[in-house]
Each structure stands twice: as structure tokens, then as C-alpha cells.
**Q** 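Once you've had a glance at the structure underneath, I'll fire off some questions.
For the numbers below, each heavy atom of this structure counts, side chains included, while hydrogens, waters and symmetry mates do not. Everything numeric in this text was worked out from a predicted model, so none of it was measured. Indexing begins at 1, ligand by ligand and atom by atom, following the structure's order.
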Amino acid sequence: MSGALVVAWLRLAASRVAAERMRLTDLDAAIGDGDHGINLARGLAVLEARLAAGDVSMEAPAPILALAGRTITGTVGGASGALYGRALLRAAATVEPGHVGAGMSVAQVAAALRAAVDGIAALGRSRPGEKTMLDALVPAVTALEAAAAAGSGLPDALLRAADAADAGAWATLPLLATKGRASYLGERSIGHLDPGAVSSTLLLRALADAAAGA
Ligand code: ADP
Ligand code: MG
């Protein structure tokens, strides 16, 4: 994974989240406060502008991921802004700062996603099964690690990760929320998809599609 692919991913993610912002916000309105899609779309739009302004070198993944982490932390409100921001900063810290050339291997991308997911779990004091973004992200990183171990190429490995995230997001439907604002609803959180699990799936699908050259 090159710096150019990270940029292509973040741009595609910005346009996908912008297109889906009302769906995400409606999901959040059902079991939260209805800000998730609008906040995330706004933060990604600011990031896109900063990338376009040439605020960072496009060559190495780490500084781009760090800019993304700082931007999301500073511009996306709510729990998800802090959690996604931390995830991106953790991913950036995992990658060597000067990593250029051939780019990150599948195993290095898996290690970066693992660090990102661990960062979310630590900040959120959360784990899978609590109806959060981790219900999409943990199966995704497990699938990515398995694909790396099996010697898959990056596009195929990321496709498997996105598919695992998708299945994990759908599996939040019957769960009882025990973390975040949705937990205030208790039993009434059952029967709704978790907005963060759905946005995580969108972000990973954008990454898979960017890697596939779509
Ligand atoms: P809020 O408006 O409640 O501050 P957002 O709307 O920004 O939060 O994001 C809501 C999403 O954040 C949830 O759908 C869930 O996926 C995720 N989330 C909330 N709390 C946690 C947590 N402790 N750990 C992991 N994810 C969480
Ligand atoms: Mg919210």
C-alpha cells in the first residue's frame, strides 16, 4: 500500500460517506443523537481539502494517516471522531515514517489495522458484542490477518476484510448496546444497526475498492 493508495482511499471514503451521510445519520437518530453521518462527512471533506492543498507529502503512508487522524480528531464531533481519530493516529504510528518505495505489504496493512482497532478498544473501553464499530472492525482485521497469512494480494485481502466488516455490521441488528449513547436506550437499542459499524464498513469498502482500482 503506497501513499497514493492511502490518498485514493481517503478521497473515495469522503465521497462515499458524503453520499451516505443521511443513511448514517438516520441510523444514529434511531439509537443515538443523529449526528454521525453529518459529522463524519464534514470531517472527511475538511481532510479532502487539506490533501488537495498539498498539506502533506503524497509519497509515504504514515504522514498522510497522521494528517487524517489529526483532522478527524479535530473536526468530527462525538464519540466516533475521537475513536476514528485515535485509530488513524495508531495506524500512522505503526508504519515507518519514511515508508515509501514498494509500499506496505499485506501483513503491514494488517498490523496497521490491528493497531487502529486496538486503539479504538482501549479508548472506548470496548470489545466486540457491545453493538459498536468494533463489531465490524474486529472481524475485518481478523480476516485481513488470515488473508495476509495465506499469501493473498492486497486487493483480495482488503475485499475479504470489507466483506467481514459488512457481515459484522449486519450482525449488530439483534445486539443490545452496552457502550456509547445507544446504551442509554437499553432494550430499545435491539433491532437497529449500529451506525458506527455501518460507517466502518463503508470506510473499509472504500479501501478495498481503492486498492482494486475502482
Ligand atoms: P455520539 O454522538 O454518541 O457522541 P457518534 O454519533 O459520533 O457518537 O458515534 C456513534 C458510534 O460510535 C456508535 O454507533 C458506535 O459504533 C461508536 N461508539 C460509541 N461508543 C463507543 C465505544 N465506547 N467503543 C467503540 N465504539 C463506540
Ligand atoms: Mg451521534
**Q** Tell me the protein heavy atom at minimum distance from atom 14 (O) of ligand 1, and give that distance in Å.
**A** Asp194 OD1, 2.6 Å

**Q** Using a distance-only test with no angle check, is there a side-chain donor-acceptor pair under 3.5 angstrom linking His36 and Ser199?
**A** yes

**Q** Specify the protein heavy atom at minimum distance from atom 3 (O) of ligand 1: its residue, its atom name, and the distance to 0.1 Å.
**A** Arg181 NE, 2.9 Å

**Q** Which protein heavy atom lies closest to atom 18 (N) of ligand 1, and at what distance to 0.1 Å?
**A** Leu83 CD1, 3.7 Å

**Q** For atom 20 (N) of ligand 1, what's the nearest protein heavy-atom neighbour? Residue, atom name and distance, please.
**A** Gly180 CA, 3.6 Å

**Q** Dump the intermediate steps for side-chain contact (heavy atoms from CB on, under 4.5 Å) on Leu83 and Met133, then the final yes or no.
**A** CA-CA 9 Å; Leu83 293 164; Met133 54 178 69; 4.2 Å; yes

**Q** Out of the candidates Leu137, Leu158, Val141, only one should pair with Leu204 under the side-chain contact (heavy atoms from CB on, under 4.5 Å) rule; please name it.
**A** Leu137

**Q** Using a 4.0 Å cut-off to any heavy atom of Gly124, which atoms of ligand 1 qualify?
**A** 22 (C), 23 (N), 24 (N)

**Q** Tell me, with the steps shown, if Ser200 and Tyr84 meet side chain to side chain donor-acceptor pair (under 3.5 Å).
**A** CA-CA 9 Å; Ser200 292; Tyr84 280 144; 2.8 Å; yes

**Q** Is there a polar contact, in the sense of an N or O pair closer than 3.5 Å, between Gly78 and ligand 1?
**A** no

**Q** Any donor-acceptor pair under 3.5 Å linking the side-chain atoms of Arg86 with those of Thr73?
**A** no

**Q** Between Asp35 and ligand 1, find which residue part has any heavy-atom pair under 4.0 Å and reply side chain, backbone, both or neither.
**A** side chain

**Q** Of all the N, O or S atoms in Asp33, which has the shortest distance to the Mg ion (ligand 2)?
**A** OD1

**Q** Side chain, backbone, both or neither: which part of Asn39 comes within less than 4.0 Å of ligand 1 when only heavy atoms are counted?
**A** neither

**Q** For a 4.5 angstrom cut-off between non-hydrogen side-chain atoms, does Leu10 reach Val6?
**A** yes

**Q** Taking all atoms of both residues into account, what is the closest heavy-atom pair of Ala157 and Val106, and its distance?
**A** CB-CG1, 3.7 Å

**Q** Nearest heavy-atom pair of Ile31 and Asp194: which atoms, and what distance?
**A** CD1-CA, 4.3 Å

**Q** Tell me the protein heavy atom at minimum distance from atom 5 (P) of ligand 1, and give that distance in Å.
**A** Ser80 OG, 3.7 Å

**Q** Quick test of your reading of the structure: of Ser126, Gly81, Ala122, whose heavy atom lies closest to atom 25 (C) of ligand 1?
**A** Ser126

**Q** Is it the side chain (CB and beyond), the backbone, both or neither of Asp28 that lies under 4.0 Å from ligand 1, heavy atoms counted?
**A** side chain

**Q** Yes or no, since that's all I need: does a protein heavy atom fall within a distance strictly under 4.0 Å of atom 10 (C) of ligand 1?
**A** no

**Q** Can you find a heavy atom in the side chain of Pro139 that is under 4.5 Å from one in the side chain of Thr142?
**A** no

**Q** Among the N, O or S atoms of Asp28, which one sits nearest to the Mg ion (ligand 2)?
**A** OD2

**Q** Of all N, O or S atoms in Asp35, identify the one at the shortest distance from the Mg ion (ligand 2).
**A** OD1

**Q** Quick one: which ligand 1 atoms are inside 4.0 Å of a heavy atom on Asp33?
**A** 2 (O)

**Q** Contact between Ile190 and Leu175 at the side-chain level, heavy atoms closer than 4.5 Å - yes or no?
**A** no

**Q** Tell me the protein heavy atom at minimum distance from atom 4 (O) of ligand 1, and give that distance in Å.
**A** Ala79 N, 2.8 Å

**Q** Going by an N to O cut-off under 4.0 Å, is there a salt bridge joining Asp33 and Arg181?
**A** yes

**Q** Please list the nearest protein heavy atom to atom 12 (O) of ligand 1 with its residue and the distance rounded to 0.1 Å.
**A** Met133 CE, 4.0 Å

**Q** With a 4.0 Å cut-off on heavy atoms, is Pro195 touching ligand 1?
**A** yes

**Q** Take Thr75 and Arg42 through the test side chain to side chain donor-acceptor pair (under 3.5 Å) and record every step on the way to the result.
**A** CA-CA 7 Å; Thr75 61; Arg42 191 188 49 234; 6.0 Å; no

